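The residues of the chain are indexed from 1 along the displayed sequence. Predicted model, so just to flag it, every value in this text is computed and none were measured.
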Amino acid sequence: MNKPFQFFNINREDRPFGDRAAEKDKLLDDCFIDLGYLNNILNGSQTLFAGPKGVGKSAIAKYLRNQKTHSTFVSDFNKQRFEGLFNLLHLENRSFSVLTILSEMLLYLSVFESLAGDNSLYFTSEWPEIEKCLNTFYIHITNKRLMQERKIEIDIPKIFSKFSLSEKIENISPTLIQFQAIISRLEKLLASIAIKNRHFIIVDNIDDDYGNVPSLDYNNGITALLTKIDHINTLHQNIKIVVFIRTDILDGLYGSNISKITGNAARISWGNTTAEAVENFSSMIQKRVNKLTTRQFSDKDGWTQLYEEIWDRANPPTVNLTPENILDMTQWRPRDIVEWLNSIHLHYSKLKSINTNNLVQAGYNSERAYSNYFLSELRDASHVEICQIVDFNNLISAWKTLRLINFNKSTWTKHMCKKLSISEIDSIKVLEILYNHGVIGIIREKNFQIWSYRGHHGEFDENATLLLHKGLYKNFGFQ
């Protein structure tokens with residue numbers, strides 16, 4: 001069987017199905033699937049969202065930014081100011097109380113930056129006093145002599161350039177007490193302002209930014225920030241700070257100040273049942289397919305279009321593109337689905353002619369490319385936890401050597417403890433981390449599989465039969 005082949009009748013750009021990073025995804029605006037979370041943000045009922053890497057947190061954040069109107073203001077919290085302020089204050093003490101003060105100060109800065117762009121507030125009786133507080137803060141953070149001495153670069157909000165300063169103090173050394181006084185006054189003013197327009201401040205990729213600040217205590221830093229966000233969100237119904245954070249980061253926080261907050265977080269899921277998830281992902285694929293091909297299939301879903309473009313090209317069919325196959329391969333996450341489809345396109349579009357052997361090889365190459373990507377994503381998401389116990393690369397190398405696909409705790413501990421020189425307890429901890437990140441699943445009766453990334457997943461059971469995720473097979477050399 002020979003005939004010209006062009007996947008989806010589209011050009012051969014590298015990533016036609018979109019980019020795995022929401023910030024770079026050109027198709028997101030037209031292909032966004034609203035799972036109800038956006039509406040919960042806009043009506044103020046939900047402000048903290050947790051989900052694994054690639055589930056769509058940044059996509060919701062990006063779409064929220066598109067909701068800007070004359071009465072809806074959306075801005076981003078600038079997390080990079082944190083370390084600059086630590087250096088400016090020259091603090092050795094990075095305790096929870098200190099972090100709480102700095103968190104609150106920076107959050108109020110973001111809030112009033114947003115309010116400064118709302119022209120309806122300039123004529124309120126409270127605004128002059130707000131300007132006075134901000135002027136004081138401006139004087140502190142623009143202390144040029146201190147910054148030059150300590151070689152500090154700090155982002156100065158543009159809005160302060162419009163405020164007329166009553167005095168310039170070149171030798172002032174800002175203290176936490178001074179900042180606390182400013183914060184206290186700003187809080188009272190914020191609670192008293194009549195704000196008609198809505199203001200949303202987005203906090204996204206908090207796990208990445210805080211993880212890259214070595215001098216900042218990870219748990220205390222994020223806990224302090226989330227605690228003050230929760231407080232500020234109660235002060236005014238039209239000001240909401242919206243947080244998107246990885247589930248493993250949120251669940252790893254500890255302390256009496258955070259348990260109630262984390263318990264109220266919305267866990268992002270594409271469906272409470274398999275059928276619901278398949279329907280939502282099918283809609284996502286259909287929208288992206290329809291954006292790419294000149295042939296519109298209004299009466300057929302995205303899966304059917306995939307069948308007609310690839311599956312029916314060969315006889316007998318050689319490419320398995322059932323909904324469950326793609327979803328299981330990609331951890332039921334939109335980022336991975338986009339990556340999987342781009343991988344298919346990359347390798348199938350290279351075919352000059354089509355026959356069964358070509359299709360098989362193209363399918364193999366696309367699975368291998370995706371498998372390599374999948375491992376790198378898992379490394380990025382889990383290596384911090386795993387490397388506290390064992391080197392990530394050594395773990396993967398031992399796994400490939402042992403060729404463990406279906407296995408139990410006894411087999412795992414017997415071989416891994418010896419190869420990696422770790423205790424049985426630590427080897428079980430590694431298993432649980434791997435389960436939480438979707439590397440392994442649990443097999444129950446009648447071959448029923450449980451995976452952490454499904455909305456209705458169960459807890460990790462070390463005594464169950466365990467299964468390696470099929471998205472890693474090619475990278476591990478198991479197929």
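Here the side chain of K57 pairs a donor or acceptor atom with the backbone of P52 at under 3.5 angstrom. Although no hydrogens or angles enter the test, the distance criterion places no donor-acceptor pair under 3.5 Å between the side chain of S371 and the main chain of R368. Between the side chain of S103 and the backbone N or O of L99, at least one donor-acceptor pair lies under 3.5 Å. A donor-acceptor contact shorter than 3.5 Å links the side chain of S283 to the backbone of E279. Side-chain atoms of E104 do not come within 3.5 Å of backbone N or O of A224 as any donor-acceptor pair. Without hydrogens or angle criteria, N436 side chain to E432 main chain gives a donor-acceptor distance under 3.5 Å. Here the side chain of N342 pairs a donor or acceptor atom with the backbone of F17 at under 3.5 angstrom. Side-chain atoms of T227 come within 3.5 Å of backbone N or O of T223 as a donor-acceptor pair.
Between W340 and Y370, the ring planes lie perpendicular to each other; the angle is over 60°, past the 30° to 60° tilted range. By the 30° and 60° cut-offs, the orientation of the rings of F476 relative to W399 is perpendicular. Relative orientation of the W451 and H469 rings is perpendicular, given thresholds of 30° and 60° on the angle between their planes.
Inspection of the Y373 and N475 side chains reveals no N or O donor paired with an N or O acceptor under 3.5 Å. No donor-acceptor contact under 3.5 angstrom links the side chains of N238 and K196, judged on distance only.
Under 4.0 Å is where a charged nitrogen must lie from a carboxylate oxygen, and between D204 and K62 no such pair does. In summary, R335 and D25 do not engage in a salt bridge, as defined by a charged side-chain N under 4.0 Å from a carboxylate O.
Checking N280, I33, I337 one by one against I285, the side-chain contact (heavy atoms from CB on, under 4.5 Å) holds for a single residue, I337.
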